[in-house]
A.B. asks: 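My questions all concern the structure below.
Just so we're on the same page: letters track the sequence lines, and every chain starts at 1.
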Protein chains: 2
Amino acid sequence: MSEQRERISGELPGFEDMQQGDLKSIAEASEALGVTQRTLRFYEDKGLIQPGRVGSMRVYSRREMGRMQLILRGKRLGFSIREIGEFLSLYDHDPDQVVQAQRMLDATQERLAELRHQREAIDQTISELESIEKMSRQHLARKDK
Amino acid sequence: MSEQRERISGELPGFEDMQQGDLKSIAEASEALGVTQRTLRFYEDKGLIQPGRVGSMRVYSRREMGRMQLILRGKRLGFSIREIGEFLSLYDHDPDQVVQAQRMLDATQERLAELRHQREAIDQTISELESIEKMSRQHLARKDK
DNA sequence: CTGTGACCTGACGTATACGTCAAGCACGGT
DNA sequence: ACCGTGCTTGACGTATACGTCAGGTCACAG
């Protein structure tokens, strides 16, 4: 069951990460993150994460797990994978995160504007639906007597 | 420009609709409704409308225009084309609209529940983003001094 | 030697609501 | 006769975020 992990750990002479105890197989990673393995491979394909390899097997270090948390958070906030990819790439190539924070701020504001707009639209739709609801009830009440 | 319409009207001995003056070509209909011709053909394909034909050309009577208004309203309210199709079909085969009103009421409530749920989610997302916004500003302010 | 389990890489499928050709007919005008 | 216009019917393309095979490798258990 954990043979493969032991094999993995055993074959790591000095992996660049700090703690080898945090290394996970794709099964463990997906389990821990609550996403499917397909999702992990998909994000890798899109360049959002770059798990290490031991032979052909993917190895997820704490770094990748952290990035995944950020990615999932971004998703919850409604950013597209492409946008999230941009943030992460800025994050990587921007030591003190100035550009990154600025870009993030911009995106955040845009998204906020979208959301506030959506909220208004939803409120309008809700009241329109409520009036339709009333009318339906009246219609039914009339036919019912 | 309006030659074809005249031809159409001329060839209508006793079209079942009341007013021939309301008959529209697909171009006029799409113009009046603010949708593309493709959209009209698409809805027809899906069975939402059944414009008449003069030869092979589609003819939109007041009835179809009315249905289109309903369809567009349904869309604005967030119902899928399939759902709208169901409403319309009930509307057609249900003389005093009892079943129809009931079904509509159900769908309306479902949709309302969805929307209220969405609104909550949006509110949460908004506050989360607002906090990120603050943090980004602080980060930038620190780097700026 | 063969089975089993975990992993791998393509690559096509899904849902929605149309957009965007492509190819062709019928019409009146020049 | 030829052209431009409006209309017709397919049929494939688009975007998003994966799901779902198919087919194959690898290591170890029996």
Side-chain angles (χ1 to χ4, degrees), chain A residues 1-11 23-60 64 68 71-86 88 111 114, chain B residues 1-11 23-60 64 68 71-86 88 111 114:
Chain A
M1 176 205 201
S2 61
E3 266 91 13
Q4 304 220 342
R5 275 201 58 207
E6 290 182 359
R7 184 163 44 78
I8 290 173
S9 302
E11 288 186 19
L23 296 179
K24 295 186 201 301
S25 72
I26 194 171
E28 293 162 337
S30 77
E31 167 72 30
L33 293 165
V35 300
T36 67
Q37 304 188 9
R38 176 72 178 96
T39 299
L40 291 174
R41 298 196 183 103
F42 180 73
Y43 291 168
E44 180 180 349
D45 230 56
K46 295 290 167 182
L48 301 193
I49 50 179
Q50 298 117 54
R53 297 282 180 140
V54 171
S56 65
M57 288 174 59
R58 292 170 174 80
V59 177
Y60 296 83
E64 310 306 321
M68 277 302 300
I71 293 167
L72 296 177
R73 184 166 195 219
K75 282 212 57 184
R76 283 203 314 276
L77 296 175
F79 294 102
S80 72
I81 284 190
R82 213 175 45 73
E83 287 176 301
I84 296 173
E86 288 172 27
L88 287 175
R111 185 80 186 115
E114 274 178 40
Chain B
M1 176 209 212
S2 64
E3 265 91 14
Q4 303 219 343
R5 274 201 60 205
E6 290 182 3
R7 184 162 45 79
I8 290 173
S9 301
E11 289 187 15
L23 296 181
K24 295 187 199 304
S25 71
I26 194 171
E28 293 162 337
S30 77
E31 167 73 30
L33 294 165
V35 300
T36 67
Q37 303 186 11
R38 176 71 178 97
T39 299
L40 290 173
R41 297 197 183 101
F42 180 73
Y43 290 168
E44 179 180 349
D45 231 54
K46 296 290 166 181
L48 300 193
I49 50 179
Q50 298 117 54
R53 298 282 181 140
V54 170
S56 65
M57 288 173 58
R58 290 170 175 80
V59 177
Y60 295 83
E64 310 306 321
M68 276 303 299
I71 293 167
L72 295 178
R73 183 164 195 223
K75 282 212 58 183
R76 283 203 315 276
L77 296 176
F79 294 102
S80 73
I81 285 190
R82 213 175 44 75
E83 286 176 303
I84 295 173
E86 286 172 28
L88 287 174
R111 183 83 186 113
E114 272 177 42

A.B. asks: Is any side-chain N or O of Y43(A) closer than 4.0 Å to OP1 or OP2 of dA17(D)?
C.D. replies: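 No, no such contact exists.
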A.B. asks: Run the ring-ring contact (aromatic ring centres under 6.0 Å, His included) test against Y43(A) and tell me which residues pass, sequence neighbours left out.
C.D. replies: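 Y43(A) satisfies ring-ring contact (aromatic ring centres under 6.0 Å, His included) with no residue once adjacent residues are dropped.
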A.B. asks: Which heavy atom of L48(B) sits nearest to which heavy atom of L88(B), and what is that distance?
C.D. replies: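 Taking every non-hydrogen atom into account, O-CD1, 3.8 Å.
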A.B. asks: Measure the CD1-CD distance between I71(B) and E64(B) for me, rounded to the nearest 0.5 Å.
C.D. replies: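 It is 8.5 Å, given to the nearest 0.5 Å.
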A.B. asks: Please determine whether side chain to side chain contact (heavy atoms under 4.5 Å, CB included) holds for the pair I26(A) and M57(A), giving the CA-CA distance in whole Å, both sets of side-chain angles, and the decisive distance to 0.1 Å.
C.D. replies: CA-CA 8 Å; I26(A) 194 171; M57(A) 288 174 59; over 6 Å; no
A.B. asks: My understanding is that only residues two or more places apart in sequence, or in another chain, count here; which of them pass side-chain hydrogen bond (donor to acceptor under 3.5 Å, both in side chains) with E31(A)?
C.D. replies: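 Partners of E31(A) under the side-chain hydrogen bond (donor to acceptor under 3.5 Å, both in side chains) test: none.
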A.B. asks: Output the rounded distance in Å from CZ (F42(B)) to C1' (dT20(C)).
C.D. replies: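 For the pair F42(B) CZ and dT20(C) C1', the rounded distance is 14 Å.
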A.B. asks: Nearest whole angstrom, please: distance from the P of dA17(C) to the NZ of K46(B).
C.D. replies: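 My rounded result for the distance is 9 Å.
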A.B. asks: dG19(C), OP1 or OP2 - any side-chain N/O from T36(B) closer than 4.0 Å?
C.D. replies: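 For dG19(C), OP1 or OP2 has a side-chain N or O of T36(B) closer than 4.0 Å.
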A.B. asks: For the helix from dC1(C)-dG30(D) to dT30(C)-dA1(D), what is the angle between the axes at its two ends, each from 5 pairs, rounded to 10°?
C.D. replies: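 What I find for the helix from dC1(C)-dG30(D) to dT30(C)-dA1(D) is an axis angle of 50°.
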A.B. asks: Rounded to the nearest Å, what distance is computed from the CG atom of residue L48(A) to the P atom of nucleotide dC18(D)?
C.D. replies: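 So the CG-P distance, L48(A) to dC18(D), works out to 10 Å.
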A.B. asks: To the nearest 0.5 Å, what is the distance between CG on L33(A) and NZ on K24(A)?
C.D. replies: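 These two atoms lie 8.5 Å from each other.
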A.B. asks: Would a 4.5 Å heavy-atom cut-off, applied to side chains only, mark M68(A) and L40(A) as touching?
C.D. replies: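 The answer is yes; the side chains approach within 4.5 Å.
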A.B. asks: For E44(A), give me all partners under side-chain contact (heavy atoms from CB on, under 4.5 Å), at least two apart in sequence or on another chain.
C.D. replies: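 Per chain and number, E44(A) pairs via side-chain contact (heavy atoms from CB on, under 4.5 Å) with I49(A), P51(A), R53(A), R58(A), Y60(A).
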A.B. asks: Restricting to side-chain hydrogen bond (donor to acceptor under 3.5 Å, both in side chains), what partner residues turn up for Q50(B), sequence neighbours left out?
C.D. replies: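 Here no residue qualifies.
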A.B. asks: So, using side-chain hydrogen bond (donor to acceptor under 3.5 Å, both in side chains) as the criterion, who are the partners of R73(B) when residues are at least two apart?
C.D. replies: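 Residues passing side-chain hydrogen bond (donor to acceptor under 3.5 Å, both in side chains) with R73(B): E128(A).
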A.B. asks: Whole angstroms only, please: what is the CG-C1' distance between D45(B) and dC18(C)?
C.D. replies: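 In whole Å, dC18(C) C1' and D45(B) CG are 11 Å from each other.
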A.B. asks: Could you check how far CD of E31(A) sits from C1' of dC7(C), rounded to whole Å?
C.D. replies: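 In whole Å, dC7(C) C1' lies 17 Å from E31(A) CD.
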A.B. asks: Test of understanding: with salt bridge (Lys or Arg N to Asp or Glu O under 4.0 Å), list the residues that count as partners of E86(A), not counting sequence neighbours.
C.D. replies: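 Partners of E86(A) under the salt bridge (Lys or Arg N to Asp or Glu O under 4.0 Å) test: R82(A), R103(A).
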A.B. asks: Under 4.0 Å from OP1 or OP2 of dG6(D): is there any side-chain N or O of S25(B) that close?
C.D. replies: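 S25(B) to dG6(D) OP1/OP2: no side-chain N or O under 4.0 Å.
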A.B. asks: Could you work out, with side-chain hydrogen bond (donor to acceptor under 3.5 Å, both in side chains) as the rule, every residue matching T39(B), not counting sequence neighbours?
C.D. replies: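 Only T36(B) meet the side-chain hydrogen bond (donor to acceptor under 3.5 Å, both in side chains) criterion with T39(B).
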A.B. asks: For DNA chain C, determine which residues of residues 71-83 of chain B have any heavy atom closer than 4.0 angstrom to one of its atoms, and list them numerically.
C.D. replies: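 Listed by number, they are K75(B), S80(B), I81(B).
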A.B. asks: Can you sort out the partners of E114(B) under salt bridge (Lys or Arg N to Asp or Glu O under 4.0 Å), two or more places apart, ordered by chain and number?
C.D. replies: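 So E114(B) forms a salt bridge (Lys or Arg N to Asp or Glu O under 4.0 Å) with R111(B).
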A.B. asks: Polar atoms only, N or O, under 3.5 Å: list the protein pairs with nucleotides 22-24 of chain D and their distances.
C.D. replies:
none

A.B. asks: Please enumerate all protein N or O atoms sitting under 3.5 Å from an N or O of nucleotides 8-15 of chain C, with distances to 0.1 Å.
C.D. replies:
unit_1 : atom_1 : unit_2 : atom_2 : d
dC8(C) : OP1    : R58(A) : N      : 2.8
dC8(C) : OP1    : R58(A) : NH1    : 2.9
dC8(C) : OP2    : R41(A) : NE     : 3.2
dC8(C) : OP2    : R41(A) : NH2    : 2.7
dC8(C) : OP2    : R58(A) : NH1    : 3.4
dC8(C) : O5'    : R58(A) : NH1    : 3.2
dT9(C) : OP1    : R53(A) : NH1    : 3.2
dT9(C) : OP1    : R53(A) : NH2    : 3.1
dT9(C) : OP1    : R58(A) : NH2    : 3.4
dT9(C) : OP2    : R58(A) : NH1    : 2.8
dT9(C) : OP2    : R58(A) : NH2    : 2.5

A.B. asks: When the distance from NZ of K24(B) to C1' of dG6(D) is rounded to whole Å, what number comes out?
C.D. replies: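 Nearest whole value for this atom pair: 17 Å.
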